[in-house]
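Quick notes on the structure that follows.
A note on names: the letters A, B, ... follow the listed sequences, proteins ahead of strands, and every chain is numbered from 1.
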2 protein chains.
Amino acid sequence: MAKPYHHGNLRIVLLQAGVRLLEKRGATHLSLRELAKEAGVSHTAPYRHFKDKASLLTALAQVGYERLAEAMETTACQFADDPRQQIRDAGIAYILMAVRNPQVFHLMFGGIVKTTEYTPELSQAAQRAFAGLTKIINNGQEAGIYRSQDSASLALAAWSLVHGLSTLVNAGLLQSSPSSEEQLSAIADSVCNHLLCGMLG
Amino acid sequence: MAKPYHHGNLRIVLLQAGVRLLEKRGATHLSLRELAKEAGVSHTAPYRHFKDKASLLTALAQVGYERLAEAMETTACQFADDPRQQIRDAGIAYILMAVRNPQVFHLMFGGIVKTTEYTPELSQAAQRAFAGLTKIINNGQEAGIYRSQDSASLALAAWSLVHGLSTLVNAGLLQSSPSSEEQLSAIADSVCNHLLCGMLG
DNA sequence: ACCTGAACACCGTTCAAGT
DNA sequence: ACCTGAACACCGTTCAAGT
């Protein structure tokens, strides 16, 4: 069966191969020409679907936010009766997403995609991801377990904590780098507990 | 006065111009050739001082860690009698360093410099930076203000929090992006307070 | 020791030309 | 509409040659 001249599917194929190549090479060394070769098209074909390399990277970041949103939404539907458990699970899900897709995570948050170049779709995907986290905070607030009424600042603190830990782990900067996901989950759990209960005695 | 054939100073000049060019172009688009032109030497001269581009970036990341270490050490020497104030000040100093040098910060933590390629000097500079933060935690522990005895996990939580907030601000992902350093400091203070006092009521 | 210019193999991007 | 090959201006890196 002959391959159709009009590929028809190229955009999807480029995104899938793009994620694979991104994790292999990193955003900096991801080459459009290599990507085109992997997809079996000429090196200018991607320009039919993406204005330039930055635009491809933007689309890949969007894929990342969509994955993160899924992970958050899944967690937000579990343990709805235990807000403490929910927030720890969300933190762990966030961090696992980061360590399993380090280059995608880096692309999402590393300032490679300029905020000024965000497409509406990307902004929406990002908002979906954070809405999941916010919902978990709101669940806890309805249950009356939080000290503060300012849910935005609570969510920001929680988000900063898990996000920072993810980055530090990916950068390999922990004194004892966790060698397994179980170990990593334990670290994440301990850090989340400090935020829930406070450092002060 | 004629410029000496042996520049003598080139490494320093390249690092200084490198930081400037890094903030202007970002790590990805920082070009050795442009850097050489700015320094007034041929495009191969930098190879006398840096094995390759990665090695230059490593050196620039080291400069960043040294700046961060200075900021932490300065804070660790102030308000030694008030550990709560110290940790908030350290957090604010950390975040200000990040937003004032976003590309350097990104280079330090974005996974661009591979952990496996860390030079001893870079590791040492990074450790110095975190030692400052650890010292502040230890001060508080000696004063007996913390709930937990595990100072490493306390430091990791504090570090994750300020680091995550820095990254999110630099990525432009806060709902209301702070327009001034005063506003940013207020946000940082609020987030730090959540960690100190805990989210739970 | 330190610097240079030519050369090589890549890259992103554009564009006239093909189906 | 979608894809191609040639072309252009860049880039990192190497190397023989200069002082």
Considering residues at least two apart in sequence or located in another chain, which fulfil the salt bridge (charged side-chain N to carboxylate O under 4.0 Å, His left out) criterion with [X]?
X	answer
B:Arg20	B:Glu38
B:Arg48	none
B:Glu117	none
B:Glu70	none

Looking at residues at least two apart in the chain, or sitting in another chain, which of them share a side-chain contact (heavy atoms from CB on, under 4.5 Å) with [X]?
X	value
A:Asn170	A:Ala98, A:Val99, A:Pro102, A:Phe105
A:Thr58	A:Val113, A:Thr119, A:Leu122
A:Thr115	A:Tyr118
A:Ser55	A:Phe50, A:Lys51, A:Asp52

Rounded to whole Å, how long is the line connecting atom [atom1] of [X] with atom [atom2] of [N]?
X	N	atom1	atom2	answer
A:Lys37	C:dG12	NZ	P	12 Å
B:Leu32	D:dT13	CG	P	6 Å
B:Leu30	D:dC10	CG	C1'	15 Å
A:Arg25	D:dG12	CZ	P	18 Å

**Request:** Run the salt-bridge test on B:Glu73 and B:Lys135 with the 4.0 Å N-O cut-off and return the result as yes or no.
**Result:** no

**Request:** Check DNA chain C against residues 47-60 of chain A and give the residues with a non-hydrogen atom under 4.0 Å, in numerical order.
**Result:** A:Tyr47, A:Asp52, A:Lys53

**Request:** Have a look at B:Leu35 and say if it touches a base, only the backbone sugar-phosphate, or nothing, with a 4.0 Å heavy-atom cut-off.
**Result:** nothing

**Request:** Just call it for A:Thr44: base, sugar-phosphate, or nothing, with non-hydrogen atoms closer than 4.0 Å on any strand.
**Result:** base

**Request:** Please collect all side-chain hydrogen bond (donor to acceptor under 3.5 Å, both in side chains) contacts where either partner lies in residues 191-201 of chain B, sequence neighbours excluded, each pair once.
**Result:** A:Ser153-B:His194, B:Arg88-B:Asn193

**Asked** Can a side chain N or O of A:Ser31 be found less than 4.0 Å away from OP1 or OP2 on C:dG12?
**Response** yes

**Mutual orientation of the aromatic rings belonging to A:Tyr94 and A:Phe109 [parallel < 30°, tilted 30-60°, perpendicular > 60°]** = tilted

**Request:** Treat a base pair as Watson-Crick or G-U wobble with both distances under 3.5 Å, then lay out DNA chain D in dot-bracket form, 5' to 3', with | for cross-strand pairs.
**Result:** ||.|||||...|||||.||

Would you tabulate the nitrogen or oxygen pairs shorter than 3.5 Å linking the protein to nucleotides 7-9 of chain C?
none

